[in-house]
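The structure presented is a predicted model; accordingly, all values stated were derived computationally and were not measured.
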Amino acid sequence: MTEDTFVPLPVRPAATVMLVRDGQDRGHGLDVFLMRRHSKMEFAPGTMVFPGGGVDDRDRNADIAWAGPPPAWWAERFGTDTELAAALVCAAARETFEESGVLFAGPADDPDGIVGDASVYADARRDLDKRTLSFADFLRRERLVLRSDLLRPWANWVTPEAERTRRYDTYFFVGALPQGQRADGDNTESDRAEWTTPQAAIADFENGRCFLLPPTWTQLDSLNGHTVADVLAVERQIVTVQPNLEIDGDNWIFEFFDSDRYHRARKAGGQGWHL
């Protein structure tokens, strides 16, 4: 295919959530929840990722019970229309529940309440994953409301145009683990899940013990050295990042605003990136 006939794949909006908690046994800093995608996954196999996924029909135009900043607030922060903003927040909460078991919701009759044990909704979690239940119907049935105030906008990355598998316009959120809940990583897309510090995850990448794509590495770097209170208090300026992909021998090299640091870390771990 020549350059003149190359047509990039369309992008699908997606939401991913950096789930954080106060550092365990360290007295400072924070932990972040990461999962490793199955090696047989079509997109980004074997990489460490945050919970998340694409926006789908269940998330769009959903009559969803909602508490916290409204879709218009999210639209302004992310630079989208309100319809997409609502779908992104819905997808962020749904995917986090499906993939980690953490539920950003509270009782409909208590505006300050937060679900303390999300494991009681295990059957609904499986139905959500099988797409036989919508998130809006789940909340309505259990008399819950989505707590958008438990999430914060963080970043926006678009898959490079050269990617030939699939492309996403991904909006990153950050959210603290609600008290009493636990993240289990019990899902069909990953084979490993763990809490770790941003610094430890970055060090594992630099030592070849895991692989991080640029968006994940960059967000971990932005969390490093901060507390949960720090990240929940910050008001991020969301600027869309779309890396370029350039060929270097047999490897495709990502080029973005901090790519020199990223590639030094990648090469230190002896890792390439093959499409």
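For F173, the ring-ring contact (aromatic ring centres under 6.0 Å, His included) criterion is met by W74, F78, not counting sequence neighbours.
In this pair, F50 and F172 present their aromatic rings perpendicular. The plane angle is above 60°, beyond the 30 to 60° band.
No chain of hydrophobic side-chain contacts below 4.5 Å, direct or via other Ile, Leu, Val, Met, Phe, Trp or Tyr residues, connects M18 to V158.
A side-chain donor-acceptor contact under 3.5 Å links E99 to the backbone of G52. The main-chain N or O of Y168 is found under 3.5 Å from a side-chain atom of T159 such that the two form a donor-acceptor pair. When atom types are taken as modelled, the side chain of S100 and the backbone of G185 share no donor-acceptor pair closer than 3.5 angstrom. Put simply, the side chain of H263 never gets that close to the backbone of E255: no donor and acceptor are under 3.5 Å apart. Counting only distance, with no hydrogens or angles, the side chain of R152 and the backbone of L232 share a donor-acceptor pair below 3.5 Å. The backbone N or O of R36 lies less than 3.5 Å from no partner atom in the side chain of R192, so there is not a single donor-acceptor pair. Remark: side-chain polar atoms of R58 are paired, donor with acceptor, to backbone N or O of L128 under 3.5 angstrom. Using a distance-only test at 3.5 Å, with no hydrogens or angles considered, no donor-acceptor pair links the side chain of T82 to the main chain of A72. A donor-acceptor pair under 3.5 Å is absent between the side-chain atoms of R60 and the main chain of A87, judged by distance alone. With hydrogens and angles disregarded, a donor-acceptor distance shorter than 3.5 Å links the side chain of Q181 to the backbone of V115.
Checked against a 6.0 Å centroid threshold, the rings of F97 and F138 count as neighbours.
Nearest heavy-atom pair across I64 and C90 is CD1-SG, 3.5 Å. The heavy-atom pair separating P69 from S148 by the smallest distance is O-OG, 2.9 Å. The shortest non-hydrogen separation linking T16 to P51 is OG1-O, 2.8 Å. Taking every heavy atom of both residues into account, P160 and P243 meet most closely at CB-O, 3.4 Å. Taking each heavy atom of R147 and G113 in turn, the nearest pair found is NH1-O, 2.6 Å. Minimum interatomic distance between L212 and A201 (heavy atoms only, all atoms of both residues): CD1-O, 3.8 Å.
Here R141 does not pair with D127 in a salt bridge; the nearest charged N to carboxylate O distance is not below 4.0 Å. For the pair E194 and R209, the salt-bridge criterion is not met [side-chain N within less than 4.0 Å of a carboxylate O]. Using a 4.0 Å cut-off between charged nitrogen and carboxylate oxygen, D221 and R261 count as a salt-bridge pair. Between D123 and R126 there is a salt bridge, with a side-chain nitrogen of the basic residue lying less than 4.0 Å from a carboxylate oxygen of the acidic one.
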Under 3.5 Å, which donor-acceptor pairs link side chains of residues 234-241 to any protein atom two or more places apart or in another chain?
residue: R236; atom: NE; partner: W154; partner atom: O; Å: 3.0
residue: R236; atom: NH2; partner: W154; partner atom: O; Å: 3.3
residue: T240; atom: OG1; partner: N156; partner atom: OD1; Å: 2.7

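No side-chain heavy atom of V89 sits under 4.5 Å from any side-chain heavy atom of W73. L220 places none of its side-chain heavy atoms less than 4.5 Å from the side chain of N224. Contact annotation: the side chain of F33 never approaches that of V102 to less than 4.5 Å [non-hydrogen atoms, C-beta and beyond]. A 4.5 Å side-chain heavy-atom check between L144 and L103 finds at least one atom pair inside the cut-off.
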